[in-house]
Amino acid sequence: MNLLRDAPRWIFFATLAFAPWAYGGTTATSIETINWLLLATLLLWAAELIVCRRKPQFPTAILFIALVLLVVGGWMSLNAMSIYDPMFQTFAPISNVAPRAPGSIDYAISVAWMIRAALLFGVILFVTDLSQDNGWLLRLWQAIGFVAGSIALLGLLQKATGAGMIFWEEPPGEKLTTFFATYYYHANAGAFLNLVWPLTAGLAVRAFSSGAAGPGVRATWLIIFMLNMAAIAANTSRMAQFIAIGCFLAICWQLGPPLIRRLSRVERSIALAGAVVILLTLFALGQAVHLEQPLTRWAHLSENFPRDARWLASRVAFDAMHNVGVFGFGPGTFRAVFPMFNNAAHQPAPGSWRFLHEDYLQTLLEWGWVGSALWVLLIFGGIAEAVRNLRKEKSFRRSQRAEVRGQVKTIGGRREWTPRRRMILPLVIIALASVLVHALVDFPLQIMSIQLYVATYLGLCWGSGDWKGERLK
């Protein structure tokens, strides 16, 4: 039974590691492989639930929202009106179920996107259930931390060696500066790093504040945290760096006061000296990885900002809003519908656009007003649920704490959260906020690896309402 329970969880952890390393899930092959891994995870999880006769733990609200989104997107795909030919930018009509009802403008793209969406909804439910186990929650946290460290290390090595392309890729004819680690586009790499480094900060703080952690564990998580900070600084995405500063301040506000209260005066002096050493180390590391490249981009911000073509593309998309309708043009169809509006625009955006550098406008184009409202409920509702549960737990601990040595803290049949739950949830909220802000000027929510991690974090947020205290082993 343990093997049947553990197998889907380890496969899921392997998927979390594979997704960012497989070009961030931006190639057709990597997306297909991730889909198969997630399908294997969900099928084995379903088998475990059936064999063990165990009822999964997740709130009814998340299941309802996911099912309605699947119905809306599934209908738009099933009732698709055409298939888009990108070479000639034309739509080939196809027969559909209800010609007068709403339907996607591209059958193939929408079907592929809905397969991915169904798997990601399954991930949210799977993680919601997994997070109820205190031990597996920690393993998930640590798995994310190790993946974060590996991606950051690869990016720093590329910067330090002056690589012209991802190490195992053939460099193009001219020098390419928009890649980082395994991501072809540095902003996507920056968005991913901002999703994961807050959790590495939590692991480092947890290692130093826990008496059970040995020197090796402390050194490991401190190094991984430093690698992630250096990677953010070395990455040339200005928006990612700006958001990282906000995340850092939020994390200091969240974790700083409790940590300082635990330290004695001598320990505080040691911690301050350690912080200075860390800053000097990061500075030295920045010199080695050519930190002058992102600094140069910041120096040219004022002259490049007004000429950025993404603003023209966003204006074209905004002008197309009155044609969106209730259900939009179909899941994933931005690349098919945007050329039509761009060619007809008074001031078209130059070049071809696979994604709009504004995830919210792209979602409105593809899903319409109803579908977009459901996505808001899914994502922002999950964050709101996490914030509500976190405040409820803090209020509970302040007003009714009762400590019993060697036993779980219990009052009136209710248990306090374990320290790892109290620490990870605020970090998850901060990480999700980072990618949602980044989505205003880029397209991180269209990238498979980032979608996978966002779904994982949403599972933690939605699942936090059922978290209970456990005896720490």
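- Partners of W367 under the side-chain hydrogen bond (donor to acceptor under 3.5 Å, both in side chains) rule, at least two apart in sequence or in another chain, do not exist in this structure.
- The shortest side-chain heavy-atom distance between W45 and L42 falls under the 4.5 Å cut-off.
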Does the pair D442 and N188 meet the rule for a side chain to side chain contact (heavy atoms under 4.5 Å, CB included), with working shown? CA-CA 8 Å; D442 268 309; N188 291 334; 5.5 Å; no
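- The two residues N235 and Q241 have their closest heavy-atom pair at O-NE2, 2.6 Å.
- Under the 6.0 Å cut-off for aromatic ring centres, Y84 and F329 do not qualify, their centroids lying 6.0 Å or more apart.
- S464 places a side-chain heavy atom less than 4.5 Å from the side chain of W417.
- At least one donor-acceptor pair closer than 3.5 Å links the side chain of N79 to the backbone N or O of P102.
- The cationic group of R206 does not satisfy the cation-pi geometry with W221, failing either the under 6.0 Å distance to the six-membered ring centre or the 45° limit from the ring axis.
- Checked against the 6.0 Å centroid threshold, Y23 and Y184 count as a close aromatic pair.
- Proximity of the aromatic rings of W462 and F126 is defined here by a centroid distance below 6.0 angstrom, and this criterion is not met.
- In this structure, D129 pairs ionically with R54, as a charged nitrogen and a carboxylate oxygen lie closer than 4.0 Å.
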Can you list the steps and then say if F12 with L44 is a side chain to side chain contact (heavy atoms under 4.5 Å, CB included)? CA-CA 11 Å; F12 179 67; L44 286 172; over 6 Å; no
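- In summary, the side chains of N389 and E385 do present a donor paired with an acceptor at a separation below 3.5 Å, with no hydrogens or angles considered.
- With sequence neighbours left out, the side-chain hydrogen bond (donor to acceptor under 3.5 Å, both in side chains) criterion links S110 to S104.
- Side-chain polar atoms of D359 and Q446 form a donor-acceptor pair below 3.5 angstrom.
- For the 3.5 Å distance criterion, the side chains of S449 and Y183 qualify, holding a donor opposite an acceptor.
- Across all non-hydrogen atoms, the minimal contact from A317 to L365 is CB-CD1, 4.0 Å.
- Contact annotation: the side chain of L3 never approaches that of W10 to less than 4.5 Å [non-hydrogen atoms, C-beta and beyond].
- If you look at F146 and W141, their ring centroids are not closer than 6.0 Å.
- Just one residue in the list V324, L361, T363 forms a side chain to side chain contact (heavy atoms under 4.5 Å, CB included) with S372, and that residue is T363.
- Of all non-hydrogen atoms in E48 and R5, the two that sit nearest each other are CG-CA, 3.6 Å.
- For F64, the CZ atom sits in a loose shell: 12 or fewer heavy atoms of surrounding residues, nucleotides or ligands are nearer than 6.0 Å.
- F18 CZ: more than 12 foreign heavy atoms inside a 6.0 Å radius.
- Ring geometry for F225 versus W197: interplanar angle of 30 to 60°, hence tilted.
- Counting only heavy atoms from C-beta outward, the side chains of V205 and I251 never approach each other to under 4.5 Å.
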I'd like to know whether W136 forms a side chain to side chain contact (heavy atoms under 4.5 Å, CB included) with D6, so could you lay out the CA-CA distance, the side-chain angles of the two residues, the decisive distance to 0.1 Å, and finally the verdict. CA-CA 9 Å; W136 279 99; D6 296 349; 3.3 Å; yes
Report the C-alpha separation of Q132 and W467 in whole Å, then their side-chain angles, then the decisive distance to 0.1 Å, and conclude whether the side chain to side chain contact (heavy atoms under 4.5 Å, CB included) test is met. CA-CA 6 Å; Q132 308 307 317; W467 286 357; 3.5 Å; yes
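- Scanning all heavy atoms of the two residues, the minimum distance from R335 to G332 falls at NE-O, 4.2 Å.
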